[in-house]
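Just so you know, ligand 1 is whichever comes first in the structure, and atom 1 is the first atom listed for that ligand. For this chain, numbers begin at 1 and follow the sequence in order.
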Amino acid sequence: MMTTETIKTTCPYCGVGCGVDAKIQQGNLIAVSGSTEHPANQGRLCVKGSALDETVSHHGRMLSPKIEGQNVDWDTAYSHVANKLSDIIEEHGPDAVAMYVSGQILTEDYYVANKLMKGFIGTANIDTNSRLCMSSAVAAHKRAFGSDTVAGCYEDLELADLVILTGSNLAWAHPIVYQRLAKAKAERPEMKIVVIDPRKTASCDIADLHLPLKPGSDGFLFNGLAHHLIANQQLDHGFIDQHCEGFDALSESVQQQTLAQTAMDCDLAEAALNTLYQWFAEYERSVTLFSQGINQSSSGVDKGNAIINCHLISGKIGKPGATPFSITGQPNAMGGREVGGLANQLAAHMELKNPDSLDKVKRFWNAPDLAQRAGLKAVDMFDAVASGQIKAIWIIATNPVVSMPDADKIKQALAHCDLVIVSDSSDSTDTLQFANVCLPATTWGEKEGTVTNSERRISRQRGFLSAPGEARHDWQIISDVAQHMGFKDAFNFTCSADVFREHAALSGFENIDASGNNERDFDISGLANISDLEYQNLDPIQWPVNKSYPQGRKRFFDDGHFYTASNKANLIAITPRLPTYAADCDQLILNTGRIRDQWHTMTRTGKAHRLLEHIATPQVEIHPDTAAKLAIKNNTLVSLKDRGIEYIARANISDSQRTDSLFVPMHWSDAFASHARANSLVRPIQDALSGQPEFKHSPVTITSLTPHWQGVLLSAPDFVPDTTMEWFKTPLANCTLWELIDLKRSPSFTWLTAEFPQVDQWVHLADSEQRYLNAAGFKGNQLQLVLLSGPALPEYDKSWLASQIGTEFSPDQDRLRLLSGFPADPSLQTGKTICSCYQVGEQTIIKALQNGEANSVENLGARLKCGSNCGSCIPELRTLVNKHSCDDLTAVNETDNAA
Ligand SMILES: Nc1nc2c(c(=O)[nH]1)N[C@H]1C(S)=C(S)[C@@H](COP(=O)(O)OP(=O)(O)OC[C@H]3O[C@@H](n4cnc5c(=O)[nH]c(N)nc54)[C@H](O)[C@@H]3O)O[C@H]1N2
Ligand SMILES: Nc1nc2c(c(=O)[nH]1)N[C@H]1C(S)=C(S)[C@@H](COP(=O)(O)OP(=O)(O)OC[C@H]3O[C@@H](n4cnc5c(=O)[nH]c(N)nc54)[C@H](O)[C@@H]3O)O[C@H]1N2
Ligand code: SF4
Ligand SMILES: [Mo]
């Protein structure tokens, strides 16, 4: 019998940091499930976590180091990189090189990268994609608390009487924290949940109140709340007096921000806003959770402080169920902050601008050329690449050609850079197209190390799969290059545990203030001496871990001690302002963000077919009134434009949108669509304090496109669309689905046959004007491809048609049926997939509801299994239940009785 081993590891996607039990048989990952004992998820996994086993194949992996496209061995690659970097440094100084890293590498990788750049190369030109993600929250924390501290923990959301989600679509972006919240709400329905988001998102499913505020107006809203608390004397005077500074200035600054004024500023109904304010004043236990709707803004830091102010003046911090909560996005956004991965940080929560910190780190690292001042932040860093000031950039575990604002400019910058080094696990990202040197990295399941989640909990990622080809661990690659550059001793690490111990030791190094307290919040010195075995077995633990908190600490600031010079928190008087660009008359506001089943630039989730079922092509969400005004119909093609750059996707008409804005997913890259990199449109506006880009607010125009011809092609053989065509590509299990669009002409049957020389039998239908072309191609009797096309996008049953590819059709079978796009038996139609885990389609669900076989999310789950695994689709199931349930529940009752 084959033995199965279970390895405990951590999910590589979002900042929830769920524990994953990986089941291994003969060196292969055969299944994943949620670890029941992991405090973050207690056994649950969302749809992305549940599909991890589908993403680990070696297909599409980078297998060998490459210089200018040629495979080389590691030694050659190391020498090449080390020599080139050393030459550039010698000629142009250390600031001519840069590193751009990611909240998706492990703490050990991150630590080594930061040490090499800041300590040994001697430049702080190392920044990270966390600049795009958390830097506003970091800056707000530091201004208020004197340290970058997330005060609370997930349990606080469950304990709270009021949870405000602002700028967070928790249901899709942090599904397991959302499920914990939904469960708490189900158990205590009197608990209040408020969503503040210009869009009505899936998170509104459990909300008592949704405030669709004017985009970017959160600063007004939270200053209005501060005004309300002050005007109504709903303050914690004791806490303000003993533990806060700046109350008078804050009071003064919010004086004019009355309810009536705020309702106008935010374009909200006064009564709704007042409800929120009264709840916040009334409930001691209030949590305000914020994410990218706050951070990714030209006033992101101020918005963060406006939120924190309200918690401080009402004493709602450091207590069970009471905290401001900046939730982290990436699996190791928090770890990156610990090691000081941002260009304006040092290491272990020390500051580049503090001479005492510089002295400590220099001595600890024995660093000859420690950087003395902040480096360039992401947007400025790529500008410096474009201008030639930076001559070499090493990009690790991030895909800036897709994820940076003004992304076409990033392409140009990289194209002109002398030396672009890219460490990635995938072999074909948009960024790799610009690499002079490609370094194959191991990834989830292969590497060993730690990540820290949103509640400061450090968990182990464990390796259980062998590295594909020549791939190596990031910490190893960086250390090897450092050694080749001559920094032998400082990078003499033999395993990730070595790196971790050094990182832990630095966190405790001279970490004491005049009164004997920790000078810095981040201190895991309690782990500095762990053995390799203890590291291997390390259980999830919340920092700090030191003499005072050997088992970790749930909440900070419960003692009123802050990390400022006075040990008091700073109340920050801000001047709220709207985003930099207001849309003028023919423009709309472009908002961008996440969808449920995709992760960032899709290099990993794009490999899991079931994750492409939910939303397979890029969509522009648009309000029905806006669409009507512009004569845009649902699911037709639209073009978004700004600065002469065009983006093409399909319209998704939805009243969840405001009339002044559009929403597009951030995920699509040149690998999945011809013109759907959202960031080509996004203007590179940054918050002046944090440098975080304003991804949620760019002006665009939208027009409807009328294609001459559109088709769907399901093809097992490879296919490359003509350059004249627009296209969307979706890999399916047994073939690739292409949506093809030609704005000017209709391709002919001759074109099709030339594209697929391997096909030896065709059935096809075309009209005399060549506007329609439906065809199926066979090799022998095996179906290779089906094309359905015409002036409009053809209707067809995707699941059924895809299931036919690769099957045998003898000539006397109904091959023409394929050209209709639908099965002969209508009961075989399932519609768009709603539940990705069990592949349950919309039509199946609607049928069950209309027939009275189910009338709730729960009995849909009992009947069809949908929603009963990861639960990510429950908000959508509830929408279908509300829309399609029938009054006749006989069938439901019969099922219940039978069960
Ligand atoms: N499925 C999935 N989950 C993910 C990720 C992923 O790629 N896919 N990525 C992870 C990462 S790195 C991150 S950072 C997180 C991000 O998690 P979230 O921040 O929750 O996700 P977003 O969709 O970027 O943005 C959240 C919401 O902000 C709203 N918003 C826009 N403008 C404003 C505004 O002015 N005010 C307010 N209040 N709201 C506004 C948007 O409409 C959107 O619904 O998700 C993490 N989880
Ligand atoms: N318009 C818009 N743009 C955005 C956002 C938005 O909301 N709107 N959000 C921003 C935010 S919050 C974020 S966090 C960024 C995310 O943007 P990116 O960081 O660019 O996105 P990923 O696709 O996660 O890129 C990770 C890369 O690392 C590779 N990789 C995976 N594992 C490893 C590993 O172990 N080692 C190495 N070396 N490589 C590995 C993957 O193949 C992939 O190419 O996008 C930002 N951009
Ligand atoms: S919520 Fe989902 S994506 Fe996030 S860590 Fe948990 S399983 Fe992974
Ligand atoms: Mo992020």
Side-chain angles (χ1 to χ4, degrees), residues 10-18 20 34 40-41 44-50 52 102-106 109 129-130 132-134 165-170 172-179 196-199 201 203 211 213-218 221 290-297 303 327-331 333 396-405 407 422-426 429 431-432 439-444 446-447 453 473-474 477 579 591-605 661 663-667 669 678-679 681-682 693 695-698 870 872:
T10 312
C11 177
Y13 297 123
C14 82
V16 177
C18 296
V20 174
N41 55 320
R44 306 179 190 92
L45 287 182
C46 79
V47 60
K48 293 185 300 302
S50 307
L52 271 169
S102 158
Q104 291 173 74
I105 51 177
L106 307 182
D109 304 323
N129 63 1
S130 285
L132 318 180
C133 180
M134 305 309 306
L165 306 177
T166 184
S168 154
N169 183 8
L170 202 70
W172 282 10
H174 299 92
I176 297 303
V177 167
Y178 175 81
Q179 284 181 32
I196 305 173
D197 193 313
R199 295 191 303 149
T201 61
S203 305
L211 298 175
L213 83 174
K214 179 195 256 180
S217 64
D218 307 75
L221 188 148
F290 60 102
S291 187
Q292 301 315 336
I294 297 295
N295 297 345
Q296 290 173 341
S297 153
K303 286 169 159 192
I327 192 155
T328 53
Q330 299 178 86
I396 303 177
T398 177
N399 195 0
V401 165
V402 187
S403 56
M404 282 284 290
V422 178
S423 297
D424 207 287
S425 45
S426 165
T429 73
T431 302
L432 275 165
L439 302 175
T442 55
T443 185
W444 185 82
E446 297 150 9
K447 53 201 287 187
N453 74 3
H473 306 314
D474 288 301
I477 300 171
N591 175 9
T592 63
R594 281 134 184 98
I595 61 170
R596 196 189 78 189
D597 289 2
Q598 286 306 325
W599 179 259
H600 293 167
T601 72
M602 300 171 64
T603 61
R604 289 181 290 170
T605 42
S661 20
F663 179 83
V664 302
M666 62 165 289
H667 307 290
S669 66
N679 276 321
L681 290 174
V682 173
F695 285 116
K696 302 283 187 253
H697 205 105
S698 269
C870 77
S872 301

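- Considering backbone and side-chain atoms alike, M666 places every N or O at 3.5 Å or more from each N or O of ligand 1.
- Residue contact annotation: L45 has a non-hydrogen atom under 4.0 Å from ligand 3.
- The atoms of ligand 3 that sit less than 4.0 Å from any heavy atom of I176 are 1 (S), 6 (Fe).
- With a 4.0 Å cut-off on non-hydrogen atoms, T443 touches ligand 2 through its backbone as well as its side chain.
- Paired with I477 under the rule side-chain contact (heavy atoms from CB on, under 4.5 Å), one option of L439, D109, I396 passes, and it is L439.
- The closest protein non-hydrogen atom to atom 22 (P) of ligand 2 is H600 CB, 3.5 Å.
- Residue T605 places every heavy atom at 4.0 Å or more from ligand 1.
- Close N/O approach between L170 and ligand 1 is not found [any backbone or side-chain N/O within under 3.5 Å].
- Regarding atom 19 (O) of ligand 2, its nearest protein heavy-atom neighbour is N129 ND2, 2.7 Å.
- When all heavy atoms are compared, the tightest approach of Q104 to P331 is CG-CD, 3.9 Å.
- If you look at N679 next to ligand 2, the close heavy atoms, those under 4.0 Å, all belong to the side chain.
- C11 lies apart from atom 2 (Fe) of ligand 3 in this respect, since none of its N, O or S atoms is found at a distance under 2.8 Å.
- Distance from atom 10 (C) of ligand 2 to its nearest protein heavy atom, with residue and atom name: Q296 NE2, 3.5 Å.
- Considering only non-hydrogen protein atoms, atom 2 (Fe) of ligand 3 sits nearest to C46 SG, 2.3 Å.
- Side-chain atoms of N169 and S203 include a donor-acceptor pair closer than 3.5 Å.
- In terms of heavy-atom proximity, S102 sits nearest to N129 at CA-OD1, 3.2 Å.
- Heavy-atom contacts of P175 reach the following atoms of ligand 3: 1 (S) (cutoff under 4.0 Å).
- Nearest to atom 38 (N) of ligand 1 among the protein's heavy atoms is D218 OD2, 2.7 Å.
- Nearest-residue assignment for atom 25 (O) of ligand 1 (options H667, K48, R594, K696; heavy-atom criterion): K696.
- Protein heavy atom in closest approach to atom 35 (O) of ligand 1: G216 N, 2.6 Å.
- Residue D597 has no N or O atom closer than 3.5 Å to an N or O atom of ligand 1.
- Among all non-hydrogen protein atoms, the one lying nearest atom 43 (C) of ligand 2 is T603 OG1, 3.3 Å.
- For ligand 2, none of its N or O atoms has an N or O atom of W444 under 3.5 Å away.
- The nearest pair of heavy atoms linking L213 to S217 is CD1-OG, 3.3 Å.
- Near G167, the atoms of ligand 1 lying under 4.0 angstrom from a non-hydrogen atom of the residue are 19 (O), 26 (C), 27 (C), 28 (O), 37 (C), 38 (N), 39 (N).
- Any N or O atom pair closer than 3.5 Å counts here, and K447 shares at least one such pair with ligand 2.
- If you check which protein heavy atom lies closest to atom 40 (C) of ligand 2, you get S425 OG, 3.4 Å.
- When all heavy atoms are compared, the tightest approach of K48 to W599 is CE-CE3, 4.3 Å.
- When only interatomic distances are considered, the shortest N/O to N/O separation between I196 and ligand 1 falls below 3.5 Å.
- Screening V20, T443, L52 for a side-chain contact (heavy atoms from CB on, under 4.5 Å) with P12, the sole residue that qualifies is L52.
- Near W172, with a cut-off below 4.0 Å to any heavy atom, the atoms of ligand 1 are 1 (N), 2 (C), 3 (N).
- Looking only at protein heavy atoms, the nearest one to atom 26 (C) of ligand 2 is A397 O, 3.3 Å.
- Atom 44 (O) of ligand 2 has D424 OD2, 2.7 Å as its closest protein atom, hydrogens excluded (heavy atom only).
- Nearest to atom 23 (O) of ligand 2 among the protein's heavy atoms is T601 OG1, 2.6 Å.
- In terms of polar-atom proximity, defined here as any N/O pair under 3.5 Å, T592 makes no such contact with ligand 1.
- Of the protein's non-hydrogen atoms, the one nearest atom 29 (C) of ligand 1 is D197 OD2, 3.2 Å.
- Considering backbone and side-chain N/O atoms, S403 comes within less than 3.5 Å of an N/O atom of ligand 2.
- Considering C133, A173, S872 only, the shortest heavy-atom separation from atom 47 (N) of ligand 1 involves A173.
- Note: no N/O pair closer than 3.5 Å links K214 and ligand 1 by distance alone.
- The protein heavy atom nearest to atom 8 (N) of ligand 1 is Q598 O, 2.6 Å.
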